[in-house]
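This report concerns only the one structure given below.
We name chains A, B, ... by the order of the sequence lines, and we start the count at 1 in each one. Keep in mind it's a predicted model, so treat the numbers as computed, not measured.
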Amino acid sequence: MKIRTRFAPSPTGLLHIGGIRTALFSWLYAKHHKGQFILRIEDTDRERSTDEAVQVILDGMAWLGLDHDEGPFYQTQRFGRYKEVINELLENGHAYRCICSKVRLDKIRDEAMSRGDKPRYDGLCRSLNLTDENAVIRFKNPTDGDVVVSDQVQGDVIFENSELDDLIIARSDGSPTYNLTVVVDDMDMGITEVIRGDDHLNNTPRQINIFNALGAKAPNYAHIPMILSPEGKKLSKRDGAASVLQYRDDGILPEALLNYLVRLGWSKGDQEIFSIDEMVSAFDIKDVNKSASSINPDKLLWLNQHYIKNAENKLLLKPLTDLFLLMNINIENGPEIEDLIDIQKQRTETLKEMAEQSTFFYNDFEEYDANAAKKHLRPVILEPLKQLYDSLKSLETWDNDNIKSAIEKTANDLEIKMGKLAQPLRVAVTGAGVSPSIDDTLRLLGQDKTLKRLRKGIEFIENRSSS
RNA sequence: GCUCCCUUCGUCUAGUGGCCCAGGACGUCGCCCUCUCACGGCGAAAACACGAGUUCGAGUCUCGUAGGGAGCACCA
């Protein structure tokens, strides 16, 4: 049988990395088995679903390259089908109408709790055969026996039917609820493997019972462990990103994020670096472990740096250009982005950092970094800088070798160390104390800008010493 | 409260009864390289939650304790 997996997020909140990891595992499972991956938007909660959240799901999946073979399907467009199934259940005695009030429900729940029981519906309307149109509809769950969830990650988990109650499958306005829609969709869409967060494990026996009532075969399940914040708490917005797209805007590469995520709860010996192809061939859901894991932003950054360092420049071109755009920097005013990538790719953890560290190439800075200026733009270096200015100005060919020897020669002539001269020069032309190697920096900056800024640096020192 | 799940360095993990006085990775610390920041190289510190049991032998099996998580909605 052809393997078919799905990712079925709810657009009630912005898709974050927890959801993405679930999507990744489902996607990998499908790819590994040469099956199909289906995207389904579970938007039956019309109150809380937003268009923005739907868009983040679509854009996020596309950004990461987690392509789907079918979909996206929207549950709100399948209400007719759910109605049909609910009626079928009603007719064959697997469901019934219930008119118990909210007040009564709350009361029996409280009573159960105080008795030390699990809060459950007591089945009052179960055999009343009500026909009220605005009643909720409940699924008639078996009262005895048990349900075994044969989970590919959790193993066999046994639930007693007596622990379960008659859940609501349709609200009083007739709209279907999650446990019904998920079963109908997984059945209709021929899903063979359901891979989802283990917060759904407790729902699974109810869903299996509905499958049984429908005379359908339940899919295989794999409940993967949760992802926690670095503190080991539930993931929240400030733990990195409210939306997965934030990672893109922070200059993270899709390959890095996916590689990071695949190693959360899954491993293959000691291997840390996985290309997409390697993941697809190595991934086995049975190797996923059962315990929750905390995210570690530092490791993500390390992987991101790894992928930046090893990426072909042209792959970085588009995302980096987008970031400059986001920062309102006009890249026409400076070096070619590919040349920039050449000299920066070894030294930044994110593309955003690369962009930020490179703004001086494109924009003139207003003032120097205070500490750097204080430390390096001092009168003692005035004469050497002047001499260097002349030397750089006389260069006919503006390349690394010439730039470097001009600096070295000046330093030698004046018997100062290379660093003593290079660092003030760096501050003068970049505005701060950090940049790629000084010859690369000057070369890309160009002779004109270099001389202009060096002139200003010299004036700055002169003004400083006279005041 | 009830049901279900989890527990190896700070973090992600290897480990399927002897190969483990526990291996790798991120991070941390030290040294080297060096025009800054990085990269890179070398090295170090750092963990089997606890208690019983099974066994010649337990991180690995069993039970219990403690701690953590999830579910118990006219949310998904």
Could you tell me whether the side chain of A:Arg347 has a donor or acceptor atom within less than 3.5 Å of a complementary atom in the base of B:C39?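 No pair found.
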Any N or O donor-acceptor pair linking the side chain of A:Asn203 to the base of B:A76 at under 3.5 Å?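 Result: at least one qualifying N/O pair found.
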Choose from [options] the nucleotide whose nearest atom is closest to any side-chain atom of [X].
X	options	value
A:Leu264	B:G27, B:U36, B:C12	B:C12
A:Asn202	B:C39, B:C74, B:U3	B:U3
A:Glu272	B:C26, B:C2, B:A25	B:A25
A:Thr44	B:A76, B:C39, B:U3	B:A76
A:Tyr178	B:U36, B:A76, B:A73	B:A76
A:Ser294	B:C12, B:C74, B:C35	B:C12
A:Asp298	B:C26, B:C72, B:C4	B:C26
A:Asp199	B:A76, B:C2, B:A70	B:A70
A:Lys309	B:G40, B:G71, B:C4	B:G40
A:Glu42	B:A73, B:U3, B:A76	B:A76

When you measure from the centre of the six-membered ring of A:Phe25, is the NZ or CZ of A:Arg21 closer than 6.0 Å and no more than 45° off the axis?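 Ring-cation test returns yes.
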How far does the [atom1] atom of [N] sit from the matching atom of [M], given to the nearest Å?
N	M	atom1	result
B:G17	B:U62	C1'	14 Å
B:U3	B:G59	C1'	29 Å
B:A73	B:G68	C1'	24 Å
B:C48	B:C21	C1'	13 Å
B:G15	B:G24	P	15 Å
B:U28	B:G67	C1'	27 Å
B:C12	B:U7	C1'	15 Å
B:A47	B:G53	P	26 Å

At under 4.0 Å between heavy atoms, what does [X] touch on the DNA or RNA strands: base, sugar-phosphate, or nothing?
X	result
A:Arg120	nothing
A:Pro436	base
A:Ser293	sugar-phosphate
A:Lys420	nothing
A:Thr177	sugar-phosphate
A:Asp173	nothing

Mind calculating the distance between CZ (A:Arg263) and C1' (B:U13) to the nearest angstrom?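 Computing the A:Arg263:CZ to B:U13:C1' distance gives 5 Å.
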In terms of the nearest nucleotide of RNA chain B, which residue is placed more toward the 5' end: A:Ala8 or A:Ser435?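 Counting from the 5' end, the first nearest nucleotide belongs to A:Ser435.
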Just the atom pairs and distances: protein N or O near nucleotides 5-8 of chain B's N or O, under 3.5 Å.
residue : atom : partner  : partner atom : Å
B:C5    : O2'  : A:Gln154 : OE1          : 3.4
B:C6    : OP1  : A:Lys290 : NZ           : 2.4

Taking everything shown except [X] itself, do over 12 heavy atoms lie less than 6.0 Å from its [atom1]?
X	atom1	result
A:Asp173	CG	yes
A:Lys140	NZ	yes
A:Gln271	CD	yes
A:Lys449	NZ	yes
A:Arg171	CZ	yes

B:C39: syn or anti, with syn meaning chi within 90° of zero?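 Syn, angle within 90° of zero.
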For the base of B:A76 and the side-chain ring of A:His200, does the geometry meet a stacking cutoff of under 5.5 Å between centres and under 30° between planes?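 Per 5.5 Å and 30° rule: yes, stacked.
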Mind telling me whether A:Phe460 and A:Tyr368 have parallel, tilted or perpendicular rings, with 30° and 60° as the class edges?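 A:Tyr368 and A:Phe460: perpendicular rings.
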Counting only side-chain nitrogens and oxygens, does A:Arg171 get under 4.0 Å of the OP1 or OP2 atom of B:A76?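 Yes.
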Answer yes or no: does a side-chain N or O of A:Gln305 lie under 4.0 Å from OP1 or OP2 of B:C39?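 The answer is yes; a side-chain N or O of A:Gln305 sits under 4.0 Å from OP1 or OP2.
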[X] bridged to [Y] by N-O distance under 4.0 Å:
X	Y	value
A:Arg97	A:Asp132	no
A:Glu272	A:Lys299	yes
A:Arg206	A:Asp165	yes

Which pair of heavy atoms, one from A:Pro225 and one from A:Asp198, lies closest together, and at what distance?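 That would be CA-OD2, 3.4 Å.
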Pairs under 3.5 angstrom, nitrogen or oxygen only, protein versus nucleotides 14-16 of chain B, please.
residue : atom : partner  : partner atom : Å
B:A14   : OP1  : A:Ser267 : OG           : 2.8

